[in-house]
Q: 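First the structure, which I've put down as structure tokens, then a few questions once you've had a look.
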Amino acid sequence: MKFDFDRIVDRKSTNDMKWNSKAVESYLHVPIPENIIPMWLADMDVACPPAVQEAVIERAKKEIYGYCAPTPEFMKAVCYWQKVRHNFNVDASWIGDLPSVVAGINVAIRTLTEEGDGVIIQQPVYDPFETIVERCKRTVVNNALICEDGYYTMDYELLEKQAKDPKNKLMILCSPHNPAGRVWKAEELIKAADICIANGVKIVVDEIHSDIVFKGHKHYPLMSLKEEYKNEVIMLTSPGKTFNVAGLKMSISIIANEQIRKAFNETKLAMSLDVRNTFGIESIIHCYKEENIEWLEQLLDYIEGNADFVCDYVEKNMPGVKFRKPEGTYLGWLDMSGTNIPDNEIMKDIILGTGVICVPGNWFGPGGEGHIRLNMGCPKSMLEDALDRFTKALNEKLNK
């Protein structure tokens with residue numbers, strides 16, 4: 001079956017945050033024009049798989065939407081997907097549920113650290129990593145990524161120093177990485193994990209983008225790489241990015257260590273995160289099925305085609321801008337530093353001035369300056385329209 005990812009799905013008639021100017025205003029804290037192309041929020045502008053739509057509709061026909069709990073089918077679906085897509089054998093007893101991966105990170109921080117402890121993150125990185133650490137009254141420790149010509153690698157020498165500091169108790173790893181687009185190689189993950197574990201630093205790994213990986217690259221669940229990692233790692237994932245169901249608020253924790261799992265679940269209860277979304281449970285069961293693999297493979301080809309299009313477009317039309325094709329995720333990381341336009345003017349004239357709402361790079365922490373994160377998970381026509389607007393504004397800016 002051929003799936004149509006070129007089709008524009010009307011989201012303006014719904015309460016989707018991404019397309020609601022008032023919601024964008026509350027996020028960016030500035031007035032937002034009505035005629036926007038929203039490429040800020042990390043969900044896609046493509047329809048969910050038909051099988052998932054049908055499952056939600058069928059559940060809605062059941063007439064009552066009360067409290068629900070994961071079923072054996074839920075656990076079976078998670079185990080199936082991890083095995084088939086990532087060659088990772090998960091025991092059903094390891095699996096827990098959460099409203100979001102971000103909530104899981106919050107629970108992990110509160111479970112494995114105390115106030116004042118250091119938590120290692122790798123900036124530029126998904127901005128809630130920093131804010132959650134700070135709101136939990138822990139200390140952000142930046143193991144800054146090394147960037148060479150748009151290609152990001154880990155600073156293992158610095159990580160070793162940071163891991164040896166007894167104040168630092170936890171590392172939050174983003175795999176694949178948002179916004180840098182790296183799909184970490186097995187040897188990169190092993191080197192980082194070995195450093196942490198040798199120094200008593202636990203790891204929580206955000207693998208929410210694990211299914212969005214392009215040709216020539218492979219995602220490795222960190223817990224699968226060495227047997228001993230199962231005692232030291234909390235894995236968090238979700239079908240939210242893969243199947244565009246983030247609003248159904250259902251994510252997964254995989255924790256093999258029984259002691260950590262028990263403590264994690266106690267913290268989750270203390271934070272009142274134990275009430276599930278009825279339709280979220282259905283989404284897990286019906287996303288992680290063989291019938292959706294064809295849809296996903298076609299989606300990956302489409303998104304990679306969009307990434308190739310951005311590469312070609314930027315090179316031909318956007319002077320001073322660089323774009324290195326990501327290895328995974330549907331997020332593009334545009335390097336605007338060659339334009340010499342300051343961050344505040346990128347925000348004012350390029351993002352707000354065009355109505356192409358992206359996330360400014362400096363929001364991702366040190367190393368994000370002079371960048372824009374662009375969501376490529378959309379029909380190509382929308383992406384082309386956005387880049388045309390950017391180019392017009394950029395040329396006007398540079399030719400002043």
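Computed from a predicted model, the values in this text were never measured in an experiment.
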Q: Please test Asn106 against Arg110 for side-chain hydrogen bond (donor to acceptor under 3.5 Å, both in side chains), starting from the C-alpha separation and ending with a verdict.
A: CA-CA 6 Å; Asn106 199 329; Arg110 294 172 188 271; 2.6 Å; yes
Q: For the atom pair CH2 (Trp40) and CH2 (Trp363), what is the distance rounded to the nearest 0.5 Å?
A: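 Nearest 0.5 Å value for the CH2-CH2 distance: 9.0 Å.
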Q: Go through the structure and list residues passing side chain to side chain donor-acceptor pair (under 3.5 Å) with Ser100, not counting sequence neighbours.
A: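 Checked Ser100 against side chain to side chain donor-acceptor pair (under 3.5 Å); zero matches.
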Q: I'd like to know if Lys169 and Glu232 make a salt bridge, using a cut-off of under 4.0 Å between side-chain N and carboxylate O.
A: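 Salt bridge between Lys169 and Glu232, a charged N being under 4.0 Å from a carboxylate O: no.
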Q: In terms of side-chain geometry, is the basic nitrogen of Lys268 or Asp274 positioned less than 4.0 Å from the acidic oxygen of its partner?
A: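 No, no charged N to carboxylate O under 4.0 Å.
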Q: If you define the side chain from C-beta out and look only at heavy atoms, does anything of Phe323 sit under 4.5 Å from Asp335?
A: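 Phe323 does not reach Asp335 side chain to side chain.
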Q: Taking the six-membered ring for Trp and the single ring otherwise, decide whether the centroids of Tyr65 and Phe279 are under 6.0 Å apart.
A: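 Here the rings of Phe279 and Tyr65 have centres that are less than 6.0 Å from each other.
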Q: Verify, without hydrogens or angle tests, whether Asn20 (side chain) and Asp16 (backbone) share a donor-acceptor contact under 3.5 angstrom.
A: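 It does not hold such a pair.
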Q: Is Lys215 paired with Asp301 through a side-chain N to carboxylate O contact shorter than 4.0 Å?
A: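 The answer is yes: the pair qualifies as a salt bridge.
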Q: Looking at CD1 of Ile357 and OG of Ser21, how far apart are the two atoms once the value is rounded to the nearest 0.5 Å?
A: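 It is 8.0 Å, given to the nearest 0.5 Å.
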Q: Do the non-hydrogen side-chain atoms of Leu98 and Ile252 ever get within less than 4.5 Å of each other?
A: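 In short, these two side chains do not touch, never coming nearer than 4.5 Å.
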Q: Work out which heavy atom in Leu331 is nearest to a heavy atom in Pro326; give both atom names and the distance.
A: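 Heavy atoms only, the tightest pair is O-CG, 3.9 Å.
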Q: Has Lys191 got more than 12 heavy atoms of other residues, nucleotides or ligands less than 6.0 Å from its NZ?
A: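 Not buried by this count: 12 neighbours or fewer within 6.0 Å.
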Q: OG of Ser26 to CE of Met17: how many Å apart, nearest 0.5 Å?
A: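 Atom-to-atom, Ser26:OG and Met17:CE are 6.0 Å apart.
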Q: Just wondering, do Leu189 and Leu225 contact through their side chains at under 4.5 Å, heavy atoms?
A: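 Yes, side chains in contact.
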Q: When you group the ILVMFWY residues by side-chain heavy-atom contacts below 4.5 Å and let the links chain together, are Ile8 and Leu383 in the same group?
A: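 Yes, Leu383 connects to Ile8 through the hydrophobic network.
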Q: So which of Glu207, His86, His209 actually passes side-chain hydrogen bond (donor to acceptor under 3.5 Å, both in side chains) with His219?
A: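 When side-chain hydrogen bond (donor to acceptor under 3.5 Å, both in side chains) is applied between His219 and each of Glu207, His86, His209, only Glu207 qualifies.
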Q: Do Trp184 and Tyr152 have ring centroids that are under 6.0 Å from one another?
A: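 No.
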Q: According to a hydrophobic-cluster definition based on side-chain heavy atoms being under 4.5 Å apart (Ile, Leu, Val, Met, Phe, Trp, Tyr only), do Ile172 and Leu222 belong together?
A: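 No; Leu222 is not reachable from Ile172 via cluster members.
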Q: Please check if Tyr151 and Val314 belong to a single hydrophobic cluster, counting links between Ile, Leu, Val, Met, Phe, Trp and Tyr side chain heavy atoms closer than 4.5 Å.
A: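 They do not share one cluster, since no chain of ILVMFWY contacts under 4.5 Å joins Tyr151 to Val314.
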Q: As an exercise, state the distance from CD1 of Ile109 to CG of Leu170, rounded to the nearest 0.5 Å.
A: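 Separation between the atoms: 6.5 Å.
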Q: For the pair Phe309 and Tyr313, name the ring-plane relationship: parallel under 30°, tilted 30 to 60°, perpendicular over 60°.
A: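 Phe309 and Tyr313: tilted rings.
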Q: Side chains of Asn244 and Tyr330: donor-acceptor distance under 3.5 Å anywhere?
A: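 No, Tyr330 and Asn244 have no side-chain donor paired with an acceptor closer than 3.5 Å.
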Q: Evaluate the criterion salt bridge (Lys or Arg N to Asp or Glu O under 4.0 Å) for residue pair Lys348 and Glu345; output intermediate values, then yes/no.
A: CA-CA 5 Å; Lys348 175 176 174 290; Glu345 294 182 24; over 6 Å; no
Q: Tell me whether the NZ or CZ atom of Lys218 lies within the 45° cone about the ring axis of Tyr220 and under 6.0 Å from its centre.
A: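 Cation-pi check for Lys218 and Tyr220: passes.
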Q: Compare every heavy atom of Arg7 with every heavy atom of Pro379, then report the nearest pair and how far apart it is.
A: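 Taking every non-hydrogen atom into account, CG-O, 3.6 Å.
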Q: Which atom pairs, donor and acceptor, lie under 3.5 Å between side-chain atoms of residues 156-164 and protein residues at least two apart or in another chain?
A:
residue: Tyr156; atom: OH; partner: Glu188; partner atom: O; Å: 3.2
residue: Gln162; atom: OE1; partner: Asn143; partner atom: ND2; Å: 3.2
residue: Gln162; atom: NE2; partner: Asn142; partner atom: O; Å: 3.0

Q: Could you pull out the closest heavy-atom pair between Pro70 and Asp97, with the gap in Å?
A: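 Shortest heavy-atom separation between Pro70 and Asp97 comes out as CG-OD1, 3.3 Å.
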Q: Could you walk me through whether Tyr302 and Asp6 pass side-chain hydrogen bond (donor to acceptor under 3.5 Å, both in side chains), step by step?
A: CA-CA 9 Å; Tyr302 192 89; Asp6 287 317; 2.4 Å; yes
Q: If you apply the rule salt bridge (Lys or Arg N to Asp or Glu O under 4.0 Å), what do you find for Asp211 with Lys241, and how did you get there?
A: CA-CA 8 Å; Asp211 295 315; Lys241 306 302 180 190; over 6 Å; no
Q: Kindly give the heavy-atom pair with the smallest separation between Pro124 and Leu145, and that separation in Å.
A: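 Answer, listing the atom of Pro124 first, then Leu145: O-CD1, 4.3 Å.
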Q: I'd like to know if Asp43 and Arg11 make a salt bridge, using a cut-off of under 4.0 Å between side-chain N and carboxylate O.
A: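 Result for this pair is yes, salt bridge flagged.
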Q: Should we say atom NZ of Lys226 is surrounded by more than 12 heavy atoms from elsewhere, each under 6.0 Å from it?
A: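 Count over threshold, so yes.
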Q: So, Lys167 and Asp165, do they make that salt bridge, N to O below 4.0 Å?
A: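 Judged by the 4.0 Å cut-off on N to carboxylate O distance, Lys167 and Asp165 do form a salt bridge.
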Q: What residue among Met223, Lys230, Arg261 forms side chain to side chain contact (heavy atoms under 4.5 Å, CB included) with Ile254?
A: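 Running side chain to side chain contact (heavy atoms under 4.5 Å, CB included) over Met223, Lys230, Arg261 with Ile254 returns exactly one hit, Met223.
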Q: Applying the salt bridge (Lys or Arg N to Asp or Glu O under 4.0 Å) test to Asp45, which of Lys12, Lys380, Lys18 qualifies?
A: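 The salt bridge (Lys or Arg N to Asp or Glu O under 4.0 Å) with Asp45 is passed solely by Lys18 among Lys12, Lys380, Lys18.
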Q: Let me check something: do Val205 and Ile195 share a hydrophobic cluster, defined by ILVMFWY side-chain heavy atoms less than 4.5 Å apart, either directly or through other members?
A: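 They do share one cluster, since a chain of ILVMFWY contacts under 4.5 Å joins Val205 to Ile195.
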Q: Just by distance, no angles: are the side chains of Lys83 and Asn87 close enough, under 3.5 Å, to form a donor-acceptor pair?
A: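 Distance-only check passes for Lys83 and Asn87.
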Q: Do you reckon Val84 sits in the same ILVMFWY cluster as Val78, going by side-chain contacts under 4.5 Å, direct or chained?
A: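 Yes, Val84 connects to Val78 through the hydrophobic network.
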Q: I need the Ser253 OG to Leu236 CG distance, nearest 0.5 Å.
A: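 Ser253 atom OG to Leu236 atom CG measures 6.5 Å (nearest 0.5 Å).
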Q: Can you name the closest pair of heavy atoms from Phe88 and Pro221 and give their distance?
A: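 That would be CD2-CB, 3.8 Å.
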Q: Show the nearest heavy-atom pair for residues Cys358 and Ile351, with the distance to one decimal.
A: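 For Cys358 and Ile351, the tightest heavy-atom pair comes out as N-CG2, 3.7 Å.
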Q: Could you check Ser13 against Asp10 for side-chain hydrogen bond (donor to acceptor under 3.5 Å, both in side chains), going step by step and ending with a plain yes or no?
A: CA-CA 6 Å; Ser13 61; Asp10 177 24; 2.8 Å; yes
Q: For Phe390, run the side chain to side chain contact (heavy atoms under 4.5 Å, CB included) check against Asn317, Leu374, Val321 and tell me which one passes.
A: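 Output: one option passes, namely Leu374.
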Q: So, Phe243 versus Trp81, ring centres under 6.0 angstrom or not?
A: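 Here the rings of Trp81 and Phe243 have centres that are less than 6.0 Å from each other.
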Q: Mind checking whether Ile121 and Val141 have side chains closer than 4.5 Å, heavy atoms only?
A: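 Sidechains of Val141 and Ile121: no contact.
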Q: Are any of the side-chain nitrogens in Lys392 or Glu396 under 4.0 Å away from the carboxylate oxygens of its partner?
A: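 Yes.
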Q: Taking the basic N atoms (NZ, or NE/NH1/NH2) and the acidic carboxylate oxygens, is any pair closer than 4.0 Å for Glu304 and Lys325?
A: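 Counted as a salt bridge, because a side-chain N and a carboxylate O are separated by less than 4.0 Å.
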Q: Does Glu291 have more than 12 heavy atoms from other residues, nucleotides or ligands lying within 6.0 Å of its CD?
A: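 It does: Glu291 CD has more than 12 such atoms within range.
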Q: With a sphere of 6.0 Å drawn around CD of Glu315, does it hold more than 12 non-hydrogen atoms of other residues, nucleotides or ligands?
A: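 Result for CD/Glu315: open.
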Q: Does any non-hydrogen side-chain atom of Glu54 lie less than 4.5 Å from one of Ile57?
A: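 No - every pair of side-chain heavy atoms lies 4.5 Å or more apart.
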Q: Side chains of Ile255 and Met235: does their closest heavy-atom pair fall under 4.5 Å?
A: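 Not in contact.
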Q: State the CD-CG distance between Glu294 and Leu299, to the nearest 0.5 angstrom.
A: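 If I round to the nearest 0.5 Å, the distance is 12.5 Å.
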Q: Measure the shortest side-chain to side-chain distance between Val204 and Val233 over non-hydrogen atoms and say whether it is less than 4.5 angstrom.
A: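 Side-chain contact under 4.5 Å: no.
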